[in-house]
Q: 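Quick one: the structure is below, and I'll ask about it shortly.
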Amino acid sequence: MGKYDYIIIGAGSAGAPLAARLSEDPAKEVLLIEAGDDYPDSDKFREDLLNASFMAGAVPGHPNNWAYTGNLTPELPYSVPRGKILGGSSALNGCYFIRGTKEDFDRWEKAGNTEWSYEKVLPYYIKAENDLNFGDTDIHSSNGPVPVYREMKNPYGMTKAFYQACKELGFTYEEDKNAGGEPGYGPVPLNAVDGIRINTGLAYINPNRDRENLTVSGKTFVRRVIFREKKAIGVEVERNGGTEIIHGDQIVLSAGAFNTPHLLMLSGIGPSEELDAVGIDVVHNLPGVGKKFSDHPDIQMGYKPNKVPGPDEQRDNLQSALNFTSTGSEHPGDLEIMLMSLPLGASMLGGSKFKGIADIVKRPGQTLKSVKGISKKRFLQQAMHQGDMMVVIGLQYSKGRGNITITSKDPHKYPRIDYHYLENEYDLSRMREAMRTAVKILTSDAYKQYFKKLTEIDEATLNDDDKLNKWLLTHLASAIHASGSAKMGPSNDPEAVVDQYGRVHGMEGLWVADTSIFPMVPSRGPAATAIMVGERIADFIKEFSKDKEEVNQ
Ligand SMILES: Cc1cc2nc3c(=O)[nH]c(=O)nc-3n(C[C@H](O)[C@H](O)[C@H](O)COP(=O)(O)OP(=O)(O)OC[C@H]3O[C@@H](n4cnc5c(N)ncnc54)[C@H](O)[C@@H]3O)c2cc1C
């Protein structure tokens, strides 16, 4: 087998756009490797993962879910889904397609990443989208691969009631959450059209399958990157029942915020004492690998509805959200409240919960394996409340940071993931404020036609800080937005893993392009930003290759 110009590990939110853009040059041989299933024919893509109104793939035991165990707090091990399929996590996610804000990128820039100012990243967000509401404007485009749609003309009755409640509480309307304006309440942009989730495999890879220089290798698990001294020269993979080495000139890790740092460590790049402890030869000591990742803690707060939404109010599970700023905060939009249109169970298992349960019963082994390490108490509580309607309350700027620690040199053994959620009063106080605001919305005159009572929390708990703290720590969930586990920054930043072009510090021919490199999770969902990163790093790699060719001429 010949040597590839570019090998990309992971066909997810960032990896798929990266492979599509790099293979635009027919002179470059591109290999895109994906551990999960490949679906070259979009019409034959798994039906349960196309249906955007629920998140079947997020259920533990689903064959396209890596299903990690993450310790949200030391006492709360939780099942954390990630996509293992063409499209990666974009094939499983909630389709909330939202850009980071100017303040988010000011932070990235301030950390020494001048190539990531809001002005510099905006053209890449625009390049990625086909905005079905706004079309071509200064800040939107109708030419990109990812369709983006907000329900503005005919919002559901509950959406209108939510808007009215937010208005009465003094919040402002944010018509376009991708316009970089003041945070407020408004329609959620979704990368879903007519209820179909358009993942990055469908948007970027399948339309380009006819390119002879683009090879996609599904069901191919990368065990590690291999090096000649400090130069990456290929990858060791498992496929078709065997292990082999595939050579490439430039290797890009796009395996996501857990697997990218894990793969770096398996390949000998990471904190040397942790690699020594599990018997991995150190190729390069980079203490920041897996350290201090950021995410959004969230709470799924259940309530019994007065009025159950009808079948015509279930296409978009997530139609509206409020982004707002906590009292006295210097970080605009650090809180979020999302109104879900489906009950908790149906959000995961589908409109017909019996079909969803039937699917789970079909795979009891995988399901049991996936929930093995997690908190059974919380899992059962959630199962008991699957008929509840819910709002999802998110802390979008937090001080807590997580760590990913390698526990074995066996690439199939998952690393340990510790989130350190809500360990300080800064984060707790904001979460309390978000909870109390959500209750004000639900119990408002405008919303009360849809609200009967809260199901998991009482007033005495809500009104008492200590009691509420305890409740929060036992009812926590994660938004699954892990970012910054191999973060970018200048070489004099001891925690930086890659430079601002995505090149791993101290190494040659090795890049990272995915949510791991975010200096910090944006204050809104990271999926659109992951795609933007794939688009932007593709241009950096193209530029780098051009310079290299000029030097060699
Ligand atoms: C259930 C769920 C709901 C979410 N909802 C939203 C939302 O509504 N809005 C939002 O903004 N964000 C959401 N997110 C988060 C968002 O989808 C992710 O942050 C984003 O998709 C991550 O992109 P990525 O490119 O970093 O990684 P991924 O998209 O996860 O891609 C990584 C890819 O690498 C592959 N891979 C990993 N290891 C290997 C290996 N060893 N060998 C070969 N291939 C490998 C994986 O199989 C995967 O395909 C959600 C996430 C989940 C899981």
Side-chain angles (χ1 to χ4, degrees), residues 7-10 33 35 66 68-71 74 80 82 221-238 243-248 250-294 373 401-420 482-499 502-519:
I7 296 179
I8 298 154
I9 304 167
I33 299 180
W66 288 87
Y68 292 93
T69 297
N71 302 298
V80 184
R82 303 290 303 190
F221 177 78
V222 176
R223 294 171 57 86
R224 63 186 182 114
V225 181
I226 52 170
F227 304 98
R228 186 175 305 124
E229 295 175 358
K230 298 261 173 169
K231 165 79 176 81
I233 56 167
V235 290
E236 183 182 282
V237 303
E238 288 172 21
T243 301
E244 59 186 288
I245 286 175
I246 307 175
H247 287 102
Q250 304 294 313
I251 316 291
V252 192
L253 294 170
S254 297
F258 298 144
N259 283 15
T260 283
H262 190 210
L263 267 171
L264 283 169
M265 291 189 267
L266 289 165
S267 312
I269 299 171
S272 55
E273 67 290 359
E274 287 181 22
L275 304 187
D276 283 342
V278 294
I280 292 174
D281 292 339
V282 178
V283 176
H284 191 63
N285 175 28
L286 271 183
V289 175
K291 298 295 170 255
K292 296 198 184 168
F293 73 83
S294 44
R401 293 288 177 274
N403 288 322
I404 297 162
T405 313
I406 191 159
T407 56
S408 165
K409 65 199 281 189
D410 175 354
H412 292 285
K413 286 248 156 65
Y414 287 177
R416 184 184 163 91
I417 303 169
D418 294 296
Y419 280 81
H420 300 292
S483 304
S485 48
K487 70 174 182 143
M488 65 168 123
S491 55
N492 61 4
D493 174 351
E495 289 168 2
V497 173
V498 301
D499 69 10
R503 295 177 296 203
V504 176
H505 284 303
M507 304 300 298
E508 238 187 281
L510 186 62
W511 306 68
V512 180
D514 61 23
T515 44
S516 332
I517 71 168
F518 296 4

Q: In Å, rounded to the nearest 0.5 Å, how long is the span from CD1 of Ile251 to CH2 of Trp511?
A: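 Output value for this atom pair is 12.0 Å.
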
Q: Could you check Val497 against Val512 for side-chain contact (heavy atoms from CB on, under 4.5 Å), going step by step and ending with a plain yes or no?
A: CA-CA 9 Å; Val497 173; Val512 180; 5.5 Å; no

Q: Just grab all the salt bridge (Lys or Arg N to Asp or Glu O under 4.0 Å) pairs involving residues 484-497, residues at least two apart or on different chains.
A: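 Residue pairs passing salt bridge (Lys or Arg N to Asp or Glu O under 4.0 Å), neighbours aside: Lys292-Glu495, Lys487-Asp493, Lys487-Glu495.
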
Q: Side-chain contact, heavy-atom cut-off 4.5 Å: Arg503 with Val498?
A: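 When only atoms from C-beta onward are counted, Val498 and Arg503 do not touch, as no gap falls below 4.5 Å.
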
Q: Looking only at heavy atoms, what is the nearest atom pair of Ile404 and Pro261, with distance?
A: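 Nearest heavy atoms, Ile404 then Pro261: CD1-CG, 3.9 Å.
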
Q: Less than 4.5 Å apart, side chain to side chain, heavy atoms only: is that true for Lys291 and Glu274?
A: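 Result yes, sub-4.5 Å side-chain heavy-atom pair found.
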
Q: Let me confirm one number: the OG-CD1 distance from Ser485 to Ile417, rounded to the nearest 0.5 Å.
A: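 Result: 9.5 Å between the selected atoms.
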
Q: Looking at side-chain heavy atoms only, is the closest gap between Ile9 and Val252 below 4.5 Å?
A: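 Sidechains of Val252 and Ile9: no contact.
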
Q: Tell me every residue that passes ring pair (Phe, Tyr, Trp, His ring centres under 6.0 Å) with Phe258, counting only those two or more places apart in sequence or in another chain.
A: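 Per chain and number, Phe258 pairs via ring pair (Phe, Tyr, Trp, His ring centres under 6.0 Å) with Tyr68.
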
Q: Taking ring pair (Phe, Tyr, Trp, His ring centres under 6.0 Å) as the definition, give me every residue that meets it alongside Phe227, ordered by chain and number, with sequence neighbours left out.
A: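 Phe227 satisfies ring pair (Phe, Tyr, Trp, His ring centres under 6.0 Å) with no other residue.
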
Q: We want to know whether Ser254 and Asp514 form a side-chain donor-acceptor pair, criterion being a heavy-atom distance below 3.5 angstrom.
A: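 Asp514 and Ser254 do not have a side-chain donor-acceptor pair below 3.5 Å.
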
Q: Is it the case that the side chain of Ser267 and the backbone of Val225 share a donor-acceptor pair, with hydrogens and angles ignored and the cut-off at 3.5 Å?
A: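 At least one qualifying donor-acceptor pair exists.
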
Q: Report yes if the side chains of Val283 and Met507 come closer than 4.5 Å at any heavy-atom pair, otherwise no.
A: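 Yes; the side chains approach each other to less than 4.5 Å.
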
Q: By salt bridge (charged side-chain N to carboxylate O under 4.0 Å, His left out), which residues pair with Lys413, not counting sequence neighbours?
A: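 Counting only residues at least two positions away or on another chain, Lys413 forms no salt bridge (charged side-chain N to carboxylate O under 4.0 Å, His left out).
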
Q: Mind running side-chain contact (heavy atoms from CB on, under 4.5 Å) on Val235 and Ile245 for me, showing each step along the way?
A: CA-CA 6 Å; Val235 290; Ile245 286 175; over 6 Å; no

Q: Give me the atom names and distance for the closest heavy-atom approach of Gly256 to Ser516.
A: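 Scanning both residues completely, I find the closest heavy atoms to be O-OG, 3.4 Å.
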
Q: Is there a donor-acceptor pair under 3.5 Å between the side chain of Ser272 and the backbone N or O of Asn285?
A: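 Between the backbone of Asn285 and the side chain of Ser272 there is no qualifying donor-acceptor contact (under 3.5 Å).
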
Q: Would you say Asp418 and Asn403 are linked by a side-chain donor-acceptor pair, where the criterion is simply a distance under 3.5 Å?
A: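 No donor-acceptor contact under 3.5 Å links the two side chains.
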
Q: Passes side-chain contact (heavy atoms from CB on, under 4.5 Å), Met265 versus Leu275? Steps please.
A: CA-CA 7 Å; Met265 291 189 267; Leu275 304 187; 3.7 Å; yes

Q: Once ring pair (Phe, Tyr, Trp, His ring centres under 6.0 Å) is applied, what residue pairs with a partner in residues 263-287 remain, sequence neighbours excluded?
A: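 Those involving residues 263-287 do not exist here.
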
Q: Is there a side-chain contact between Leu286 and Val504 (heavy atoms, below 4.5 Å)?
A: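 A side-chain contact under 4.5 Å exists here.
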
Q: Taking the side chain from Tyr414 and the backbone from Trp66, do they hold a donor-acceptor pair closer than 3.5 Å?
A: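 Flag set: sc Tyr414 to bb Trp66 pair under 3.5 Å.
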
Q: What pairs meet the salt bridge (Lys or Arg N to Asp or Glu O under 4.0 Å) rule with one or both residues in residues 224-235, with sequence neighbours excluded?
A: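 Qualifying pairs, neighbours excluded: Arg224-Glu236, Lys231-Asp249.
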
Q: More than 12 heavy atoms of other residues, nucleotides or ligands under 6.0 Å from CG of Asp410: is that the case?
A: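 Enclosed: over 12 neighbouring heavy atoms sit under 6.0 Å from CG of Asp410.
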
Q: Within the structure provided, determine whether Val222 and Leu263 are in side-chain contact (heavy-atom separation under 4.5 Å).
A: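 Side chain of Val222 against side chain of Leu263, heavy atoms only: contact under 4.5 Å found.
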
Q: Quick check for you: to the nearest 0.5 Å, what is the distance between Ile7 atom CD1 and Leu510 atom CG?
A: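 Result: 11.0 Å between the selected atoms.
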
Q: Between Arg223 and Glu238, is there a side-chain heavy-atom distance shorter than 4.5 Å?
A: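 Touching, per the 4.5 Å side-chain cut-off.
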
Q: Are Phe221 and His412 an aromatic pair, judged by ring center distance below 6.0 Å?
A: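 Here the rings of Phe221 and His412 have centres that are less than 6.0 Å from each other.
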
Q: Looking at side-chain heavy atoms only, is the closest gap between Ile8 and Ile33 below 4.5 Å?
A: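 Answer no - side chains too far apart.
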
Q: Tell me if a side-chain donor or acceptor on Thr260 pairs with a main-chain N or O of Ala255 at a distance below 3.5 Å.
A: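 Pair found, side chain donor or acceptor close to backbone of Ala255.
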
Q: When you measure from the side chain of Asn71 to the backbone N and O of Pro74, does any donor-acceptor pair fall under 3.5 Å?
A: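 Pair absent, no side-chain N/O of Asn71 close to backbone of Pro74.
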
Q: In a check of side chain to side chain contact (heavy atoms under 4.5 Å, CB included) between Ile406 and each of Val289, Val278, Leu264, which one passes?
A: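 Passing option: Val278.
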
Q: Which heavy atom in Gly489 sits nearest to a heavy atom in Ala496, and how many Å separate them?
A: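 That would be O-CB, 3.5 Å.
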
Q: Is His505 reaching over with its side chain to a backbone N or O of Asn492, donor-acceptor style, under 3.5 angstrom?
A: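 Pair absent, no side-chain N/O of His505 close to backbone of Asn492.
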
Q: Do you know which two heavy atoms are closest between Gly402 and His420, and how far apart they sit?
A: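 Shortest heavy-atom contact: CA-CD2, 4.2 Å.
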
